[in-house]
Amino acid sequence: MYKDGDYDIVVIGAGHAGCEAALASARLGFSTCLFTINLDTIAQMSCNPAIGGLAKGHLVREIDALGGEMAKVTDRAGIQFRMLNMSKGPAVWSLRAQADRVLYRLSMRKVIESQENLDIKQDTVEKIIVDDRKVKGVLTSLGIFYGAGAVIVTTGTFLKGLIHIGLENFPAGRAGEFPSVGLSDSLRGLGLKIGRFKTCTPPRLDAKTIDFSKTEPQWGDEPPQPFSYSTEKITNPQLPCYLTYTNSETHKIIFDNLDRSSIYSGRVKGTGPRYCPSIEDKVVMFPERQRHQVFLEPEGLDTKEYYANGIFTSLPYDMQVSLIRTIPGLEEAEIMRPGYAIEYDFVYPTQLKHNLETKIIDGLFLAGQINGTSGYEEAAAQGLMAGINALLKLQGKEPLILGRHEAYIGVLIDDLITKGTSEPYRMFTSRAEYRLLLRHDNADLRLMDKGYEIGLLGKEVYQKFQEKKRLTDEELQRIKKTRIRFEGTDRDESLEQLLKRPEITYKFIEESSPSDKFLTPEIKKQIEIQVKYDGYIRRQMEMAERLKKIEEKKISEDFDYTSVKGLSKEVLSKLQEVRPANLGQASRIPGVTPAAISLLLVTIEKLKRQSGCKGAA
């Protein structure tokens with residue numbers, strides 16, 4: 001065994017989680033080493049060429065507000081931007097961007113390679129080296145040992161990855177790349193419980209063989225709104241997507257060949273994502289549907305490759321050709337890359353603490369799909385938090401734990417740690433109890449102070465944020481105090497009261513009584529939302545305060561749950577498995593009843609009185 005060096009933090013995997021983790025660590029001055037199986041696929045968009053979408057867009061804005069990189073790279077690579085759900089309330093507005101797949105990868109690689117304190121190694125990590133339940137470093141396939149104070153594992157779908165196309169299968173982390181086999185065995189050997197998930201990709205098509213005249217063009221917003229608070233303007237040319245549909249002929253081909261699908265033939269053992277089903281699942285589960293949407297999404301500015309979003313499949317190649325050519329516009333389409341199913345190992349996330357460190361191995365952190373999630377955005381959010389918390393641990397500081405009322409990132413991590421997941425986890429706005437507080441437009445107001453305090457957010461960006469906050473607060477005060485009289489009456493109203501009316505927008509206020517300050521469109525929209533939804537926001541803030549009080553009831557890591565009299569065996573088992581950090585988390589564990597929480601509270605308070613201290617039990 002050859003030792004090549006020591007690092008503060010080692011990150012395994014250079015996908016979306018690994019890039020954010022490594023950058024966070026290195027930017028804060030910690031020596032960091034990022035391992036990847038292939039240098040040419042750093043930040044590869046393995047599936048769809050898009051960032052954001054419903055709730056996922058919120059995560060990207062939060063990553064940016066904390067000082068992460070995903071939003072900036074998306075803005076540099078974006079070729080279509082659309083704000084979704086604009087016909088609904090602001091709680092569910094969410095930005096989505098099509099990205100040039102190559103531009104995204106190259107842009108992130110440039111950032112990674114330019115970062116001080118960050119080394120990149122092309123090698124496969126085979127083993128986590130541990131002594132006395134504490135991380136000491138990693139061992140690679142070349143027999144090289146690298147020492148580390150903390151290790152962050154962000155392996156995506158590579159742990160014992162197995163690709164299926166029809167009845168054929170072969171080991172791969174994704175198409176064209178080797179899987180990671182030894183590392184999965186190493187994690188299992190350390191005592192971590194491992195499960196198996198699957199996901200699907202659709203075929204990629206040659207634009208030269210698509211008849212776009214038979215499809216519906218889907219353009220983005222004009223002008224496009226950036227993801228990052230530091231981006232002034234989107235400069236890339238903007239491209240449309242195209243919408244078409246499957247039909248009864250498509251569905252018949254699928255029904256007649258289910259026995260040739262790797263999913264329906266029983267070849268794939270892993271559990272798949274409920275909210276991103278294969279086309280086989282769609283026609284089986286919804287036989288009454290006459291058609292399903294297919295979005296043709298450009299892979300980039302300088303390629304003819306299109307991503308057929310909506311027909312994820314594990315059917316054999318010949319069947320993929322047949323079903324595609326039943327779809328309007330695709331009658332003569334040629335497949336450039338076939339769709340496939342991939343199954344891979346993951347670690348049950350209830351084995352983690354809220355800082356994403358494993359409970360059984362000190363200094364070992366996990367982030368991304370290894371924790372049972374799906375999606376680039378969920379992965380990047382976890383990677384950023386794992387990177388921050390790994391370095392805070394090395395500094396002997398308290399971890400950064402975001403509450404469910406503070407960020408979608410907080411909801412994501414709390415759901416994983418507390419509830420676990422029996423299928424690939426995907427973020428939705430419906431998962432957040434306080435989604436009116438966690439809007440897309442106010443991620444900076446919620447999180448930039450934390451990003452600046454940690455040291456990831458630049459001074460220039462933070463000063464810009466403070467100026468925006470000051471102008472917003474001043475204008476809110478102005479419209480509250482300024483009153484206007486209605487012509488021909490003795491009645492007057494404040495501008496704030498007027499703006500609360502459904503039919504009144506800030507544009508009317510601006511025309512009636514303009515501010516003497518320059519206010520950006522973003523500030524104007526922020527003011528309008530805060531005024532119109534003031535009552536609802538206040539109620540959710542009150543609910544969040546009540547949650548905060550119960551979250552403050554801490555439970556020590558070594559708490560003896562058998563000392564709580566009256567707990568059922570099922571509840572006792574779940575509490576011992578999750579080992580919640582506080583009473584709030586305990587109350588969210590599936591199967592833990594309000595009665596059990598009351599018993600737990602009584603015991604905690606009793607032990608606190610006996611110990612005569614004010615801290616946790």
Side-chain angles (χ1 to χ4, degrees), residues 45-50 53 79-80 82 84 96 98-99 101 163-168 175 199-220 239-265 272-300 303-342:
M45 302 178 85
S46 307
C47 197
N48 62 318
I79 54 178
Q80 186 193 103
R82 288 183 69 190
L84 306 179
R96 184 180 190 269
Q98 294 294 138
R101 190 188 297 273
I163 281 180
H164 298 264
I165 301 176
L167 302 183
E168 303 297 322
T199 189
C200 266
T201 69
R204 273 72 158 184
L205 309 177
D206 186 344
K208 297 193 303 294
T209 63
I210 298 173
D211 184 351
F212 290 106
S213 68
K214 296 182 179 180
T215 66
E216 303 169 30
Q218 306 281 305
W219 286 93
L239 301 181
C241 296
Y242 297 88
L243 175 63
T244 184
Y245 297 90
T246 63
N247 51 54
S248 58
E249 188 181 353
T250 319
H251 301 174
K252 185 178 187 304
I253 289 174
I254 295 168
F255 268 120
D256 291 346
N257 291 278
L258 285 175
D259 60 329
R260 299 183 64 193
S261 163
S262 60
I263 296 172
Y264 280 85
S265 65
R274 186 191 327 175
Y275 303 105
C276 192
S278 67
I279 189 63
E280 296 99 294
D281 286 331
K282 287 180 183 178
V283 300
V284 170
M285 292 188 294
F286 308 105
E288 73 284 357
R289 293 284 297 273
Q290 297 300 306
R291 64 180 191 172
H292 294 282
Q293 289 182 331
V294 180
F295 285 97
L296 303 175
E297 302 175 346
E299 294 266 344
T303 178
K304 295 295 184 181
E305 191 174 1
Y306 269 72
Y307 180 91
N309 195 341
I311 44 176
F312 303 91
T313 184
S314 66
L315 285 166
Y317 181 81
D318 60 321
M319 287 299 100
Q320 293 188 35
V321 172
S322 296
L323 76 88
I324 281 169
R325 291 183 177 174
T326 65
I327 298 171
L330 307 183
E331 292 89 348
E332 297 181 9
E334 291 289 340
I335 293 176
M336 298 179 76
R337 308 183 204 220
Y340 61 85
I342 182 168

* Presence of salt bridge, Arg337 and Glu305, under 4.0 angstrom ->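 Yes.
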* **Whether Thr303 side chain and Gly300 backbone form a donor-acceptor pair below 3.5 Å** =>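 Not at all, since once roles are kept as given, no pair shorter than 3.5 Å links the two residues.
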* Would a distance-only check, ignoring hydrogens and angles, find a side-chain to backbone donor-acceptor pair under 3.5 Å from Tyr340 to Ala175? -> yes
* side-chain hydrogen bond (donor to acceptor under 3.5 Å, both in side chains) partners for His292, two or more places apart -> none
* Asked: Mind checking what makes side-chain hydrogen bond (donor to acceptor under 3.5 Å, both in side chains) contact with Lys304, not counting sequence neighbours?
  ->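 None.
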* Taking atom types as modelled and ignoring hydrogens, do the side chains of Ser261 and Ser314 form a donor-acceptor contact shorter than 3.5 angstrom? ->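 Indeed, the side chains of Ser261 and Ser314 share at least one donor-acceptor pair under 3.5 Å.
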* To do: Applying side chain to side chain contact (heavy atoms under 4.5 Å, CB included) between Ile335 and each of Arg325, Arg204, Gln320, report the one that passes.
  =>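 Of Arg325, Arg204, Gln320, side chain to side chain contact (heavy atoms under 4.5 Å, CB included) with Ile335 is met by Gln320 alone.
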* Among Val294, Ile210, Thr215, the one residue meeting side chain to side chain contact (heavy atoms under 4.5 Å, CB included) with Tyr242 -> Thr215
* Considering residues at least two apart in sequence or located in another chain, which fulfil the side-chain contact (heavy atoms from CB on, under 4.5 Å) criterion with Thr250? -> Thr246, Asn247, Ile254, Leu323, Thr326, Ile327
* side-chain contact (heavy atoms from CB on, under 4.5 Å) with Ser248: which residues, sequence neighbours excluded? -> none
* To do: If a pair satisfies salt bridge (charged side-chain N to carboxylate O under 4.0 Å, His left out) and one of its residues is in residues 277-286, list it, with sequence neighbours excluded.
  => none
* To do: For residues 284-294, pull every pair meeting salt bridge (charged side-chain N to carboxylate O under 4.0 Å, His left out), keeping only residues two or more places apart or in separate chains.
  =>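 The answer is none; no pair qualifies.
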